[in-house]
Amino acid sequence: MKIATFNVNGIKARYGIVSDWLREDAPDVAVLQEIKSTDETFPREVAEDAGYELHTHGQKGFNGVAILSKRPVEDVTRGLAPLPGGEEDDEQARYIEGTVIGERDAVRICGLYLPNGNPAPGPKYDYKLAWMARLEARARELLAQEIPFLMTGDYNVLPTDMDAARPQVMAEDALALPPTRRAFQRLLNLGLTEAFRARHPGQPGHYSYWDYQAGAFERNHGLRIDHFLLSPAIADRMTDCTIQSDMRARQKPSDHVPVWLDLDI
DNA sequence: ATGGTGGTCCCACCA
């Protein structure tokens, strides 16, 4: 099964690119972020005419996530639960889960758009760290229930300096600050595998995002911030993980490109 | 300095 994550930066602006991509590259499951649509204004036919089941969690103007699947999807849930101790529900549409039924086995797919967090420090950074704590709590639950799962999407996290073309420029950024990296490392310490780095250890220069400004793509001034985290049972089924960087060279591209995971399930 | 979106007719917000 081929699963792709793609921050599209607006599904309406990316209609043609996503339509062509689904037909030509044909992921079994596509996990989208920044759809910037509500559940009502998402152009459903871009998915359904290409043969996909569509599950959205959107809001007006910003954020929004979706799961597109050629395989049946069961038990779709939206949003991350508040931590015990009582915050409120997340008002921003950033998280969706569904169980995708493979040919032999099922996998719980968690699609996420983690808050950017800039400027840091500040309330937006506090929100990012609180959101990461909620995500960690959800990962602990799924592990405790022994549900095979993966968490994928735009993490807005640079795990190490190797994941930025110019790490010194990012040193004070919310994507790279020590509390951000520690929160990401706590996820890994639960026993999750970061798929791309596990398949390509010690290889710099591989990015999933390039700023629109100042010729960043042409200079390969990129960031690797779109990730797959795999539970142990799913990590055992990984056969490949790649970045589709050529998508950034198309007309009217997103600033992110798809990242692909191949699973033997 | 680039782009998407939404509310107004150029500007603010977000990345």
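Values reported hereafter were calculated over all heavy atoms of this structure, with side chains retained and with hydrogens, waters and symmetry mates removed. Note that this is a predicted model, so its numbers are computed, not measured. Numbers restart at 1 for each chain; the letters A, B, ... are given by sequence-line order, proteins then strands.
Heavy atoms of A:A214 sit nowhere under 4.0 angstrom from any nucleic acid atom. Residue-level contact check: A:Y113 touches the backbone only, with heavy atoms under 4.0 Å from sugar-phosphate atoms and none from bases.
Each of A:R94 and A:N9 has a nearest nucleotide on DNA chain B; the 5'-most of these lies closest to A:N9. For the pair A:N116 and A:K252, nearest-nucleotide mapping onto DNA chain B gives the more 5' position to A:K252.
Taking atom OH of A:Y212 as the reference point, atom C1' of B:dT5 lies 12 Å away to the nearest angstrom. Rounded to an integer number of Å, the gap from NZ of A:K60 to P of B:dC13 is 17 Å. Whole-Å rounding puts the A:K12 NZ to B:dG6 C1' distance at 10 Å. Protein atom CZ of A:F62 is 8 Å distant from nucleotide atom P of B:dG6, rounded to whole Å. Here B:dC14 presents its C1' atom at 13 Å from CD of A:Q213, a figure rounded to the nearest Å. Rounded to whole angstrom, the span from the CD1 atom of A:I35 across to the P atom of B:dT5 amounts to 11 Å. Rounded to whole Å, atom C1' of B:dG4 lies 13 Å from atom CD1 of A:I17. Rounded to an integer number of Å, the gap from CD of A:Q92 to P of B:dT5 is 18 Å.
In summary, the side chains of A:T180 and A:K128 do not present any donor paired with an acceptor at a separation below 3.5 Å, with no hydrogens or angles considered.
For the OP1/OP2 pair of B:dG3 and a distance below 4.0 Å, the side-chain nitrogens and oxygens of A:K36 include no atom meeting the criterion. In terms of phosphate contacts, A:K124 brings a side-chain nitrogen or oxygen within less than 4.0 Å of OP1 or OP2 of B:dC14.
Look at the C1' atom in both B:dC10 and B:dT5: the space between them is 15 Å, to the nearest Å. Atom name P, nucleotides B:dA1 and B:dC14: the rounded distance is 22 Å, in whole Å. Taking atom C1' in both B:dC13 and B:dG7, one finds a spacing of 11 Å when rounded to whole Å. Spacing between B:dT8 and B:dA15 at atom C1', rounded to whole Å, works out to 22 Å.
Geometrically, A:R94 engages A:Y113 in a cation-pi contact defined by less than 6.0 Å to the ring centre and at most 45° from the axis.
Ion pairing between a basic and an acidic side chain is recognised when a charged N comes within 4.0 Å of a carboxylate O; A:E194 and A:R197 show no such pairing. Ion pairing of A:D105 with A:R237 is present here, as a side-chain N (NZ or NE/NH1/NH2) and a carboxylate O approach within less than 4.0 Å. Under a 4.0 Å N-O distance rule, the pair A:R23/A:D49 does not qualify as a salt bridge.
Base pairing of B:dT8 is not made with any nucleotide, judged by Watson-Crick or G-U wobble geometry with both donor-acceptor distances under 3.5 Å.
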